[in-house]
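Here is how names work: the chains are called A, B, and so on, in the same order as the sequence lines, proteins then strands, and each is numbered from 1.
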Amino acid sequence: MPGEALGVAEAARDREIAGLVVSWFEGAARPLAWRTDLGTSPVPRDPYTCLVAEAMSQQTQITRVEAYLERFLERFPSVAALARADEVDVLALWSGLGYYRRARNLHAAARVIAEQFDGRVPEDVAELRRLPGVGSYTAGAVASIVFHRRAPLVDANVQRVLQRLDAHEATGKEASAWAWERAGGLLDALGSAEKLPAYARLNEGLMELGATICLPMPAQARCGSCPLAGHCLARAKGLVGVIPRPKGVSVKKRLVCAVVVVIDAGGRVLVEQRAESGMWSKMWQAPTLECAKRPTQQQVAEFAVMKSADGARLVRAGGFVHQTTHRTIRFVVFAVRAVACRRKGGAGRKWVQPGALQGLGISTAARRAIEMGVGAFGYPGPPGRAS
DNA sequence: AACACGGGGCC
DNA sequence: GGCCCAGTGTT
């Protein structure tokens with residue numbers, strides 16, 4: 001039980017486990033762009049780079065992050081650069097990555113760092129937690145991995161690895177509290193001679209183990225390659241399949257989005273900014289009618305006239321299904337020429353060339369719908385987005 | 001404590 | 001088609 005005094009045998013087990021994870025990680029770490037302190041010519045990690053990488057990594061598989069990170073750092077190479085950026089430009093570089101609130105939080109965090117921390121990423125957990133979008137995991141990650149503090153961290157990987165290691169079957173809040181205690185206990189088991197860098201190695205090693213060896217689906221778990229196999233109680237007891245316990249299936253909400261892609265004589269497309277709350281908040285899209293059921297042709301036509309101030313005929317451009325974690329959205333896409341172009345841009349709406357969509361904060365689904373609508377009139381899609 | 005929040009990769 | 005992911009903030 002973490003938090004209580006360890007017996008001699010438990011303490012010895014923890015020391016062995018901690019050492020095994022550290023040495024395994026040093027040999028098995030995937031070469032990620034921001035892991036600059038590993039390999040033959042190690043360079044200390046850049047705090048700002050790691051903060052951005054951690055924000056992008058939340059609820060996102062790490063291999064998807066690198067391309068986004070590179071573009072982001074090229075455009076906003078420092079806290080100061082990000083702090084003075086316009087939000088629209090920040091969202092544009094996040095476009096396609098999802099969970100867009102992370103981008104707004106990171107932007108706000110840069111401003112807090114600039115104004116309250118003299119432009120330097122804070123080094124300890126309590127201060128890091130004051131940054132928007134930095135929760136217990138991210139604070140622990142930056143404090144330990146960048147600044148070598150004794151700060152535990154628990155993400156989905158660590159949660160699973162530790163619960164399997166000790167065959168701990170709890171769920172929910174209890175499991176979380178247990179894992180944080182356990183992660184801290186393992187940090188304390190590290191040998192004092194190598195403590196500073198080892199905190200980072202152990203934390204990152206536990207995550208790496210979960211991401212590459214101790215995989216969620218029991219059929220995929222590569223226990224034969226696991227450095228902790230000899231210590232793993234779930235493996236010994238045959239509990240790998242039930243830790244963590246499979247989640248109940250949640251019903252996805254189904255809805256229909258009728259998208260009207262209004263195209264003016266210059267080939268520009270009308271886009272509007274979504275509301276402040278809800279999904280894709282403040283992201284741009286072509287005018288979209290959201291319904292529980294498929295709207296009638298008449299409803300779409302009225303909506304199109306309202307948006308384009310134009311009586312031109314609708315062209316059916318196509319459709320697709322977009323899945324998110326909680327919804328199944330049927331997109332039905334129409335195109336219409338705004339011959340007279342009476343609708344002007346204004347607050348929350350503007351006309352853009354399809355090629356300029358990449359400069360906007362726009363969801364994957366909205367981008368796809370616009371490309372479909374533009375394609376219906378034979379315009380080429382923006383470069384690099386062939387589908 | 002439960003829910004909202006994206007999107008792609010994997011089986 | 002279902003499950004998952006280097007979580008956080010809100011209700």
*Write down the distance separating the P atoms in B:dC11 and C:dA6, rounded off to the nearest Å.*
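One P to the other, the span is 15 Å.
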Between [options], which nucleotide gets closest to the side-chain atoms of [X]?
X	options	answer
A:Met207	C:dC5, C:dA6, C:dG7	C:dA6
A:Arg102	C:dA6, B:dG6, C:dT10	B:dG6
A:Glu54	B:dG8, C:dG7, C:dA6	C:dA6
A:Trp280	B:dG6, C:dA6, C:dC5	B:dG6
A:Arg64	C:dC5, C:dA6, B:dG8	B:dG8
A:Tyr137	B:dC11, C:dG7, B:dG7	C:dG7
A:Ala156	C:dT10, B:dG6, C:dC5	C:dC5
A:Asn105	C:dC4, C:dG9, C:dG7	C:dG9
A:Gln61	B:dA4, C:dG7, C:dC4	C:dC4
A:Gln220	C:dA6, B:dC11, B:dG7	B:dC11

Touch class at under 4.0 angstrom, heavy-atom based, for [X] against every strand present:
X	result
A:Leu97	base
A:Thr63	nothing
A:Ala141	nothing

*Classify the ring geometry between A:His322 and A:Phe331 as parallel (under 30°), tilted (30 to 60°) or perpendicular (over 60°).*
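If you compare the ring of A:His322 with that of A:Phe331, the planes turn out perpendicular.
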Does OP1 or OP2 of [N] have a side-chain N or O of [X] closer than 4.0 Å?
X	N	result
A:Tyr99	C:dC5	no
A:His322	B:dG7	yes
A:Gln59	C:dG7	yes

With distance as the sole criterion, is a donor-acceptor pair present between the side chains of [X] and [Y] under 3.5 Å?
X	Y	value
A:Gln116	A:Arg130	yes
A:Arg104	A:Ser281	yes
A:Glu54	A:Gln58	no

*Look at the side chain of A:Thr325 and the base of B:dG6, then say whether one donor and one acceptor between them are separated by less than 3.5 Å.*
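Such a pair is found, so the answer is yes.
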*asked:* Base of B:dG6, side chain of A:Thr60 - is there a donor-acceptor contact under 3.5 Å?
replied: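 Flag set: donor-acceptor pair detected.
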_If the test is side-chain hydrogen bond (donor to acceptor under 3.5 Å, both in side chains), which one of A:Lys307, A:Gln285, A:Lys350 qualifies with A:Glu272?_
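Option passing the side-chain hydrogen bond (donor to acceptor under 3.5 Å, both in side chains) with A:Glu272: A:Lys307.
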*asked:* On the six-membered ring of A:Tyr99, is A:Arg101 placed so that its NZ or CZ lies under 6.0 angstrom from the centre and within 45° of the ring axis?
replied: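 Not satisfied by the 6.0 Å and 45° rule.
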*Please figure out whether A:Lys173 or A:Ser281 has its closest DNA chain B nucleotide nearer the 5' end.*
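Counting from the 5' end, the first nearest nucleotide belongs to A:Lys173.
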*Verify the neighbour count for atom NZ of A:Lys252: are there more than 12 heavy atoms of other residues, nucleotides or ligands below 6.0 Å?*
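Enclosed.
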*Interface with DNA chain B, restricted to residues 26-45 of chain A and to heavy atoms under 4.0 Å*: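 Hits under 4.0 Å, by residue number: none.
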